[in-house]
Amino acid sequence: MKKNRMLSVKWRSHFQAKLLCAFLLCTLIPLCIIGGISYSVSYHIAEQRILNASISSDEQLNMQINERLSHVESVANALQYDMYTLGQSDSTMEYLSALTDVRNDVSLFKSTFNLYYACIFLPSDRLGANERLYFFPLDEFKEYSVPETSLENPGTSSIWFYQKNVSVPLLISGTEESRNCIACCRILKDTETKEIAYAYIIFLDISEFSGYLEESFADKNLSSYILTDQGTIIAHNAPVNPPEADGALLSQLKESSSPILYKDNITYHCVQLQNGWYHITEIPDSYIQENVQVLIQSILITLLCSLPLTLLVIIAISGKLTKKIRLLSRAMEHLTLDSPEEDLSELIPPGKDPETYDEIDRLGLAFQKMQISLKDNMQSILDLSLTEEKLKYQLLQSQINPHFLYNILGSIQTCQSIGKLDIADQMLTNLTRFYRMTLRKSGDLISIKDELEIARLYLEIEKLCHNDNLSWEFDLEDGIENFLICKFTLQPFLENSILHGLSQRTPRIHLHITAVYGEDTVIITIKDNGIGISEKQLAELRHTLDSKAVNYEKHFGIGNVNKRISSPHFGNGHISIESRLYHGTVITIEFDQMEEEYEESNDC
């Protein structure tokens, strides 16, 4: 008896025995007590997470729908400006030119923003009103389902409504099919007569929004649909059995301050869209319970299967495992970058067959390899960081070319549309020379001489668009053209001077580009006699330069150049802008003097 008791005490003193006892006490006994509580808590947590996941997916869909509606609003704003220009045309020639611009813009917007159709309604006595492609008589405007209340006082905002069976002229669509559409309408009334002066409607195919809903909610147990402010369902993810509009539900949603409403065992997630309509997603309790039950069953089965297996594994390897862990832990505690490699021969016996290594053996082997490669990897990490930085600036530069090419191709398209084919042909020739020059210079750093030649080719292209309204001159100090500059630095500033400098008050633009020596720097100045920059816009530009930010929607070209040229690899440069409204603009670019021998090291 005494001997057995001594053996029992000795066995319990082993770490392996303590590990087994602790496992039994901490798992088996508490598992029986808290099993029911765990099940209940897990159920509610899983239920909430499934609901949150559905709502999160719904929110992403709302962002996609609102972004699409914003596209239409942007088109409506652009057309409103075009219609204002058309209305201000005094002579017949000006009116015809403005009418052509409106037609081209409508066609461009239709293809760019994937619009189903857009039509403009003009008074019957106005030229072009009976074109019947994009322009229609104002009398036909009444045939569309524009809400009567909106016609009384339309204001300047958009009027959204649901229009059935919209047909596109055969010359435009090539088909006589009609489709149900979401329509965005703008109306202008004469301030004296209160009669409609003009109107235009932009159409989006309803099937596009139904596709969004079906893609986001493939599970047909979830119903998702778009509801107008009048309670009409116009798009849904259940084309076979679409839901029916519930007027009482819509009233409750409008009165509720929360986007989530629970009614009749269904959770409704309702979000008001940008145009005042509603996107509603129905999440029934049956859907949540079905998914929760699968989760809970999976957890319970996993636990029941893992428990005996874990117990057997601990009994089999706990003794050997604890020794290996202790050795490995001690080696890790003493690991530093300047310490000698730890001897782990006890952990991995030299004569042991590698095929018989367990996880701890392999961990020890990996630790030994880590000690050997740790110092080598530090330098590799530094090299990779430098390479990553260079790639970032190479990406920024690569984004300038498409931005420039888009603008030039737009100018060529405009020349072709108004019949100036000789100018368009010359622009294509100059554009070919321009890209032959830029592509021939593959490095990120090129000589100032080459950069000025690229700038001259660009100005030649722009001059074709502006007749004799554009002139320039270069003024360089001797020898300065041999220093290096970050490629494609000048063109965005020249483009802005021309694009934003021309106005009725400044119909002619003259650019004066100078390059002088600073204190171990090169100072390039671009001065124009354009309309200048307002104080608010100038403050925005200076903020962009100071923050070194690249905004893809605003001041992209200037921000891109500023980001690249401010890098230590490209001259530690900085850019400043001075301007007064109606007194022109002066742009100063200053960067370190870099000579030819550095070009290879800075070439990504």
Side-chain angles (χ1 to χ4, degrees), residues 72-110 112-113 115 117-142 144 146 150-159 184-202 407 410-411 413-420 423 462 465-470 496 498-509 530-534 536-537 581-582:
V72 179
E73 287 284 359
S74 299
V75 173
N77 291 334
L79 286 179
Q80 186 166 340
Y81 175 78
D82 287 346
M83 295 304 298
Y84 173 78
T85 304
L86 183 66
Q88 295 298 314
S89 301
D90 296 329
S91 65
T92 302
M93 291 302 295
E94 290 181 356
Y95 181 82
L96 287 174
S97 177
L99 197 67
T100 301
D101 290 341
V102 174
R103 182 185 299 107
N104 291 338
D105 286 346
V106 171
S107 178
L108 177 63
F109 293 149
K110 182 178 181 297
T112 302
F113 293 95
L115 306 176
Y117 189 44
C119 56
I120 300 172
F121 301 91
L122 300 174
S124 301
D125 57 348
R126 295 301 296 269
L127 188 62
N130 292 298
E131 179 202 52
R132 313 202 71 80
L133 290 178
Y134 293 114
F135 298 96
F136 296 86
L138 193 56
D139 296 339
E140 297 183 10
F141 178 67
K142 298 178 182 179
Y144 292 88
V146 182
S150 300
L151 292 175
E152 296 176 359
N153 186 21
T156 59
S157 59
S158 298
I159 302 171
C184 174
C185 175
R186 293 278 181 93
I187 300 172
L188 177 66
K189 285 191 173 182
D190 190 289
T191 55
E192 296 180 358
T193 64
K194 304 301 180 181
E195 297 293 331
I196 297 177
Y198 70 80
Y200 56 89
I201 305 177
I202 302 167
N407 292 340
S411 299
Q413 183 184 24
T414 301
C415 290
Q416 291 177 331
S417 65
I418 62 178
K420 296 183 178 181
I423 296 178
E462 286 290 354
C465 297
H466 299 88
N467 298 325
D468 296 327
N469 294 335
L470 176 62
N496 281 346
I498 298 169
L499 180 63
H500 302 295
L502 285 170
S503 68
Q504 292 183 349
R505 295 186 59 166
T506 55
R508 294 178 59 84
I509 290 294
I531 194 172
I533 306 173
S534 66
K536 180 179 179 181
Q537 290 176 323
L581 202 58
Y582 309 121

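Everything numeric in this text was worked out from a predicted model, so none of it was measured.
Distance alone, capped at 3.5 Å, places no donor-acceptor pair between the Tyr117 side chain and the Ile201 backbone. The backbone N or O of Asp139 lies less than 3.5 Å from no partner atom in the side chain of Ser124, so there is not a single donor-acceptor pair.
The side-chain heavy atoms of Leu188 and Tyr84, taken from C-beta on, include no pair separated by under 4.5 Å. Side-chain contact between Arg132 and Pro137 is present, with heavy atoms from C-beta onward closer than 4.5 Å. A heavy-atom distance below 4.5 Å is not found between the side chains of Gln537 and His500. Between Tyr198 and Leu86 there is no side-chain heavy-atom pair separated by less than 4.5 Å. Taking the side chain as every heavy atom from C-beta outward, Val102 and Met83 approach each other to under 4.5 Å.
Nearest heavy-atom pair, Ala76 versus Ser158, reported as atom, atom and distance to 0.1 Å: CB-OG, 4.3 Å. Summarising the geometry of Val106 relative to Leu79, their closest heavy-atom pair is CG2-CD2, 3.6 Å, with the distance given to 0.1 Å.
Residues Phe121 and Tyr144 bring their aromatic ring centres within 6.0 Å.
For Glu94, the side chain to side chain contact (heavy atoms under 4.5 Å, CB included) partners at least two apart in sequence or on another chain are Ser89, Asp90, Ser91. The side chain to side chain contact (heavy atoms under 4.5 Å, CB included) check on Leu96 picks up Thr92, Leu127, with sequence neighbours excluded.
A donor-acceptor contact closer than 3.5 angstrom is absent between the side chains of Thr100 and Ser97.
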